[in-house]
Amino acid sequence: VLATPIARLVQQLAKLPGIGEKTAARLAFHIMRAAPEDAAALAAAITEVKQKIRFCGVCCNLTESDPCSLCADARRDAGLVCVVAQPQDVVAIERTGGYRGRYHVLHGLLSPLDGIGPEDLRVAELIRRCADTSVPAAEAIKEVILATSSTVEGEATAVYLSKLLRPLGVRASRIATGVPIGGELEYADQLTLARAIDGRREM
Ligand SMILES: [Zn+2]
């Protein structure tokens, strides 16, 4: 039987996505054998991420500074916004190196079966951004690229948002289905993702 502190660590690690009981135990024993400074650095990194990271007031991405560096970058096209489900998707699209617009992070996808509705996502923030008439015309949002995955939830979210955007006079486009069906953007390779954005179609 495990000593209580180890059992507690295993229990916490097992809560992480993709980590089963066995892997959690292996990680816990690895941490126990690690140098004290390495274990302390891991604990400190976890604490720091919770203390310092917040939501960008503009794009809702996770950031240390508000507005985030992508929203604050004047060289990026403010008229073009790419809507993604998760912060990891921003990382994946940035890795392609070809996108020069801004982003909006929903933090999830519509999923009626799981009880996830628009109010659970950063939808209101997106609509407010698109309807904002206080910004100079050059910075007004002209096109929103709906870059959600080609899963049922991803498609439903894109259709839902396109209907909200149309009355605002904002063009809604959908990334090409070059992204493998059911695949999350995060796992799409850089070339496929770049092509999916370039090949987007108006909805
Ligand atoms: Zn931002």
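Counting convention: from 1, in listed order, for ligands and their atoms alike. Computed from a predicted structure; not experimentally measured.
A donor-acceptor pair under 3.5 Å links the side-chain atoms of Arg102 to the main chain of Asp73, judged by distance alone.
Rounding to the nearest 0.5 angstrom, the gap separating the CZ atom in Arg54 from the CD atom in Glu64 is 8.0 Å.
Ordered by chain and number, Cys56 SG, Cys59 SG, Cys68 SG, Cys71 SG make up the set of protein N, O or S atoms under 2.8 Å of the Zn ion (ligand 1).
Under the 4.5 Å side-chain criterion, counting only non-hydrogen atoms from C-beta, Glu125 is not in contact with Phe55. Side-chain contact between Thr96 and Leu191: absent, with no pair of heavy atoms (C-beta onward) separated by less than 4.5 Å.
Cluster annotation: Val58 is not connected to Val144 through the hydrophobic network of ILVMFWY side chains, with a link wherever side-chain heavy atoms come within less than 4.5 Å.
For residues 141-168, the set of pairs meeting the ring pair (Phe, Tyr, Trp, His ring centres under 6.0 Å) definition, not counting sequence neighbours, is empty.
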